[in-house]
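One is the number of the first residue; the rest follow in order along the sequence.
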Amino acid sequence: MVKPASKKIKIEKIDNLPARQVTYSKRRRGLLKKARELSVLCDCEFSVIIFSATGKLCESSSSSTKDVITRYESQTGDEGNLDQSSLDLQHDCIKLSNEIADKSRVLRQMNGEDLEGLNIDELQRLETKIEGSLNRVLQTKEENIIGEILALEAKGAELELANNQLRQEIRMLSNGNGVAFKSDISPAEEGLVSECDTYPSSCFSSGSSLDHVSGGDTLFLKLGLP
């Protein structure tokens, strides 16, 4: 004989109060029985806490309900902290990503790109910002150019001073030895020196025109390599 299939009960609130109390009592005992069997079969800990509709407490545990609750809190507390840290880190990453996207969009707009979504006021502010940046660039460029010019002028003054000192030292050495370099001889004196090279006897004759031109007693010689 085939046993007829049991009718499935629809899971919903039982409106009839006596029937609800009977169902609560039966199913509570069945739930606690299943929990104890699971603890024996699988060597696990359990704790069941039930409050009835009237607020009556019913509890059952494999060892101690407080110990199981303490163990549960220690497990879920660490996981909760980790979850909160992960959420904070994720929030920071999203915030940084948004800031990077905003800065990148501003840079593109400064380069004249991605301007389609801007209105007149935003375009005006962008134009003002670009003009300010351009003025700062031009000012910095001008300051750098002026600095380079001043440095070159100072370098030129140093070179000129060193050149003058070198000329003065050469003149002092020339006067001390009775010898003048060709660069210090006037054109008239240079002509007499050339004449002495050609006719040496004429340079040492009495009343020589060399003394007349030089107006002094110094004898000028032309130095040169053989």
Side-chain angles (χ1 to χ4, degrees), residues 1-140:
M1 181 177 179
V2 179
K3 184 178 179 179
S6 59
K7 183 180 179 180
K8 292 184 179 180
I9 301 175
K10 188 177 181 180
I11 303 300
E12 61 182 4
K13 182 180 178 179
I14 301 174
D15 295 329
N16 187 281
L17 182 58
R20 186 194 308 166
Q21 291 177 346
V22 172
T23 301
Y24 169 74
S25 179
K26 289 182 178 180
R27 297 216 171 206
R28 180 192 64 189
R29 288 195 298 268
L31 176 63
L32 297 178
K33 180 181 179 182
K34 292 294 184 181
R36 285 191 290 269
E37 291 176 354
L38 179 63
S39 176
V40 173
L41 291 174
C42 300
D43 190 22
C44 61
E45 289 186 89
F46 78 93
S47 179
V48 179
I49 300 174
I50 304 174
F51 288 94
S52 66
T54 58
K56 184 178 180 180
L57 173 64
C58 175
E59 64 174 315
S60 179
S61 176
S62 59
S63 56
S64 170
T65 301
K66 291 183 178 180
D67 294 340
V68 175
I69 292 175
T70 301
R71 184 176 179 182
Y72 169 79
E73 289 178 346
S74 64
Q75 294 287 334
T76 57
D78 294 339
E79 293 178 359
N81 293 332
L82 291 176
D83 292 340
Q84 186 63 35
S85 300
S86 300
L87 290 176
D88 293 340
L89 182 60
Q90 185 177 5
H91 177 72
D92 293 339
C93 290
I94 294 174
K95 184 178 178 180
L96 290 175
S97 298
N98 292 334
E99 291 180 358
I100 292 173
D102 293 339
K103 299 297 183 183
S104 300
R105 184 174 61 256
V106 170
L107 289 176
R108 290 195 302 272
Q109 292 174 352
M110 294 287 287
N111 291 328
E113 303 174 0
D114 197 10
L115 303 177
E116 291 78 8
L118 300 181
N119 55 31
I120 300 299
D121 294 336
E122 291 174 342
L123 290 172
Q124 184 64 40
R125 288 194 295 269
L126 179 61
E127 181 181 359
T128 303
K129 185 183 297 184
I130 292 175
E131 289 177 352
S133 300
L134 179 60
N135 290 333
R136 288 191 294 271
V137 171
L138 293 176
Q139 182 179 359
T140 303

| field | Which residues share a salt bridge (charged side-chain N to carboxylate O under 4.0 Å, His left out) with R108, sequence neighbours left out | value |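 Applying salt bridge (charged side-chain N to carboxylate O under 4.0 Å, His left out) to R108 gives D114.
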For [X], side-chain contact (heavy atoms from CB on, under 4.5 Å) partners two or more places apart:
X    : value
I49  : S47, F51, L57, E59, T65, I69
L134 : L138
A101 : none
E99  : K95, L96

Which atom pairs, donor and acceptor, lie under 3.5 Å between side-chain atoms of residues 121-131 and protein residues at least two apart or in another chain?
from : atom 1 : to   : atom 2 : distance (Å)
E122 : OE1    : N119 : N      : 3.2
T128 : OG1    : Q124 : O      : 3.0

Less than 3.5 Å apart, which donor and acceptor atoms pair up between the side chains of residues 25-41 and the rest of the protein, not counting sequence neighbours?
from : atom 1 : to  : atom 2 : distance (Å)
S25  : OG     : R29 : NH1    : 2.7
S39  : OG     : C44 : O      : 2.7

Applying side chain to side chain donor-acceptor pair (under 3.5 Å), name anything that partners [X], two or more places apart in sequence or on another chain.
X    : value
S52  : T54
R105 : D102
T23  : none
S133 : R136

| If every non-hydrogen atom of Y24 is compared with every non-hydrogen atom of I50, which pair is closest and at what distance? |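 Heavy-atom minimum between the residues: OH-CG2, 3.6 Å.
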| said: Tell me the closest heavy-atom pair linking R20 and I14, and the distance in Å. | reply: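 Result for this residue pair: NE-O, 2.9 Å.
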| task | Write out all pairs satisfying salt bridge (Lys or Arg N to Asp or Glu O under 4.0 Å) with one or both partners inside residues 40-51, taking only residues at least two apart or from two chains. | result |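 Only E45-R71 qualify under salt bridge (Lys or Arg N to Asp or Glu O under 4.0 Å).
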| Measuring from C93:SG to L89:CG, what's the distance to the nearest 0.5 Å? |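 Reported to 0.5 Å precision, the distance equals 4.5 Å.
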